[in-house]
Asks: 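Take this structure first; my questions come after.
In what follows, chains carry the letters A, B, and so on, assigned in the order in which the sequence lines appear, proteins first and then strands, with residues in each chain numbered from 1. Every value quoted in this text rests on a predicted model; they were computed, and no experiment measured them. The figures that follow rest on heavy atoms only: side chains count, while hydrogens, waters and symmetry mates do not.
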Amino acid sequence: MATLAPRTPRLPIDEVLDDIVAALRRSPCAVIEAPPGAGKTTRVPLALLQAGLHGGREVLVLQPRRLAARMTAARVADSLGEPLGATVGYQVRFESNVGPDTRLRFITEGLLGRKLHADPELRDVGVVVLDEFHERHIDGDLGLALLRRLQRERRPDLKIVVMSATLDGAAVAAYLSEGAAEECARITSAGRMFPVAIEHLGGDGELHSGVLRALARLVDEGLDGDVLVFLPGAREIARTAETCAGFAAHAGLQIFPLHGELPPAEQDLAVRPCSRRKLILSTNVAETSVTIDGVAAVIDGGLARVAAHDPWTGIPTLQLSKISRASAAQRAGRAGRTRPGRCLRLYAQHDHDRRPEHTPPEIHRVDLAGALLDLHAFGVAEPAGFAWFEAPPAAALQAGEGLLRRLGAVGPGGQVTDLGRRMLAFPLHPRLGRLLCEGIDRGVPGLACGAAALLSERSIRPAGALASCDADADVLVDLADLEKLRRRGDERGLLAGPARRALQVRDQLLRALPRDSRDRSKEQGLKEQEREDRLRMALLAAFPERVAQAREDVGGFRGLALAGGGAARLGPGSVVRTAPWLLALEVEQRREADRGAQVLVRSACAIEPEWLIDQLCDDIEERDELQWNAARERVEGARELRYMGLLLERTTTAKLPPAAGELLRQMALAAGPEKFVGDAEALRGLMARSAFVAAHVPDAPVVTEAVARALLAELCEGRTSFAELRAADLYGQLLARVAGGGGLERLAPTHVQLPGGRRAAVHYEPDKPPWLASRLQDFFGMSRGPAVAGGKVPLVLHLLAPNGRAEQVTTDLAGFWDRHYPEVRKALMRRYPRHSWPEDPRTAAPPAPRR
DNA sequence: GAGCACTGC
């Protein structure tokens, strides 16, 4: 048996290694809490192996990141004086270094799911260690739940060890003990960190000038070492670099930007020791993924961009938010790795103290479709009843399940369909799995592999690159450039790293194709236009609800109306410049403090409206009964109704096959398409606001999707009208609970009645001053907040005519605003007591915090 | 004036 080389230094965790081993002999599970510097990653797995707890099988160590899996494996192998791939090995995507004698295997969290699909009993594994569990990635959460289930049902001998730096270990221990014969053991260790002196500088003014002030202070007070600055994004980094350039040069500091889009060589520059003192301007990469030695001081801007997923629209969001206290502590700790340090926070102490303790774990934020498909494949028919470590929000579960049904991956009984099984064979999001299956069925597997690779990895073009042509799809142009890169090494206009990674993923997908679809000669025999059309149809199957219709340009951008409701803009990098109908493939809803919510489409694909009808008819006509039900659900779903309205504009029911035509006709007869569209959207808004209210107001009435659907059914059958619904106070009640008064609901309808009896969907165009718009958005959840400019409230109304056509009208509701501002102000004062709220918004400056 | 960080046979 391998033993530690004598030169290995002692670490704090060594004090408790015997306790850990003893505990695991008694109990099947253990939780180890040890702060950074304790040495848990390098010592604990090895100690378990040396104690023989693995029973001759493997010890599997889960890491959140590939780099960590590789590096720690190398360090542990080195501590044994062995090469990698002997006793100690690692395995990450595209790369593996293990041998026949390997007993300690470091893998990424994402690989565990793949291993479980290959061998549901994990027969080669004796111990699983989940490292850095406090980061709470969805793969880690899901991994823990699946391992617990496996241990209880089929592998009582399997040992589960959870290691965490800052997490409250009690919750994990309770989860692992719940209903078990043996309690889960809990062991804590000291860490090894140097003290960091933290100061709060308060923050008014902009980030970049705040950084300069803090830097000047550090230099003034005798800075000795490097400075690490945390900023939310590349844009802020560039701005701060500009602002600090002169001072830094004067103080002998060299500036290094550090963020994810930089090529590895430039990232290395920021991390490596340097002859001059460094000023490193970094995003969150430096919080967990990259460690930098020699940092004497941290300047923390207190902000980060947080990615999430909006279950109500199915659109990914990117929101600038305040970091949690745990995250702030982690950032400060970066100054105390090798010596005592300082941390200057660009926000006030009271601001810090009021922040949430932890960043919400991924399971509360992200799209669950992939995780849910895995669960179904592991035999969990009802994910809502699954023993999650922490259950995801009900709305997200419903959205994920809905998407899986719609993609045809899961049937109504929660069983994985044949199509779903085929999708599971690929390491891709279910949408992209469907894209590949559809590409195979339509005879273009090669093109589909390329498109799926591009859509699953980060963009291959620099941010801000402008469209170079007018084409049918961004992925098609990207694929042509990837081909140039592959054939001739031509990197022009591309980001070399991401482009090569996309090629690597594409090749992996090509290898994963079923044997009988690997022959690409037939595909290559097709005319180019035919091939591309087939790919675009496959994309429609993968993104069925992301249909969009072009509208007039807004501020130089192509305006889009989304089938699911709401407006979007086509990014300037997209090549889809003229197509009237398209798919929004890569979408992002941004919300920044100083401007309203914006939906930006970065990657699009032109489609023919007839395909929409074809797709619907396919679902209705050609599939079995389960599919028929799914299609019916699709048509009946509130979101679909607007989509149906758009469809009805372009076609008549006469062109449809009988069943589809009948369904459409019945629905159209029930209320008329314009009513459909209006009421469905209003209901969706109601649910969104209700969810928002429920999150902020204890005991608020909640309108669940079931209730909303029931109401919708009543509307469709003519038993009630939207006006009655509103009169019944459900809608007003909810808003009143937040706003504390009547009248406000009239500021937030998604629809209004116009003179002449026309209905209009309302989209508030955010304008200056933006601060009020962003505050109001908090009230109305998903709806765009109104804004005030010089006393005028400009509103952009998308009028939906009975034929489904939308027209855009800008109007001015200044008088309306004047009548209601006092109520709004009262509510704002209650909600944001630390700010002073002007009597008259027309003359007001942005609110300043009260001293 | 428009792109946080990760990850998968």
Asks: Can you sort out the partners of A:R501 under salt bridge (charged side-chain N to carboxylate O under 4.0 Å, His left out), two or more places apart, ordered by chain and number?
Replies: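 Partners of A:R501 under the salt bridge (charged side-chain N to carboxylate O under 4.0 Å, His left out) test: none.
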Asks: Could you tell me which residues satisfy salt bridge (charged side-chain N to carboxylate O under 4.0 Å, His left out) with A:D119, sequence neighbours excluded, listed by chain and number?
Replies: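 Testing A:D119 for salt bridge (charged side-chain N to carboxylate O under 4.0 Å, His left out), a comparison that skips the adjacent residues, returns A:R123.
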Asks: When you match A:Q508 and A:L258 each to their closest nucleotide on DNA chain B, which lands nearer the 5' end?
Replies: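 Nearest-nucleotide comparison on DNA chain B picks A:L258.
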Asks: Could you state the CD-C1' distance from A:E236 to B:dG3, rounded to the nearest angstrom?
Replies: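 The distance from CD of A:E236 to C1' of B:dG3 comes to 11 Å, rounded to the nearest Å.
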Asks: Heavy-atom nearest nucleotide on DNA chain B for A:V285 versus A:F94: which residue maps closer to 5'?
Replies: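 Whichever sits nearer the 5' end wins; that is A:V285.
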Asks: Rounded to whole angstroms, how far apart are CG on A:L432 and C1' on B:dC9?
Replies: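 Nearest whole value for this atom pair: 17 Å.
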Asks: Among residues 110-118 of chain A, which ones have heavy-atom contacts with DNA chain B below 4.0 Å?
Replies: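 Those residues are A:G110, A:L111, A:R114.
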Asks: Within the pair A:T108 and B:dT7, is there a side-chain N or O less than 4.0 Å away from OP1 or OP2?
Replies: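 No, no such contact exists.
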Asks: Between side-chain atoms of residues 449-457 of chain A and protein atoms elsewhere (two or more places apart, or another chain), which donor-acceptor pairs fall under 3.5 Å?
Replies:
residue : atom : partner : partner atom : Å
A:S456  : OG   : A:A452  : O            : 3.2
A:S456  : OG   : A:A453  : O            : 3.2

Asks: Sequence neighbours excluded, which residues qualify as salt bridge (charged side-chain N to carboxylate O under 4.0 Å, His left out) partners of A:D478?
Replies: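 A:D478 satisfies salt bridge (charged side-chain N to carboxylate O under 4.0 Å, His left out) with A:R461 once adjacent residues are dropped.
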Asks: OP1 or OP2 of B:dG3 less than 4.0 angstrom from a side-chain nitrogen or oxygen of A:R461, does that happen here?
Replies: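 Result: no.
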Asks: Taking only residues two or more places apart in sequence, or in another chain, which ones meet A:E390 in a salt bridge (charged side-chain N to carboxylate O under 4.0 Å, His left out)?
Replies: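 Listed in chain order: A:R136.
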Asks: Output the single nucleotide from B:dT7, B:dC4, B:dC6 whose closest atom is nearest the side chain of A:R305.
Replies: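 Given the options B:dT7, B:dC4, B:dC6, the side chain of A:R305 is closest to B:dC4.
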Asks: OP1 or OP2 of B:dG3 less than 4.0 angstrom from a side-chain nitrogen or oxygen of A:R602, does that happen here?
Replies: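 It does, given that an N or O in the side chain of A:R602 lies less than 4.0 Å from OP1 or OP2 of B:dG3.
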Asks: Without decimals, in angstroms, what is the distance between A:R331 CZ and B:dA5 P?
Replies: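 Between P of B:dA5 and CZ of A:R331: 12 Å.
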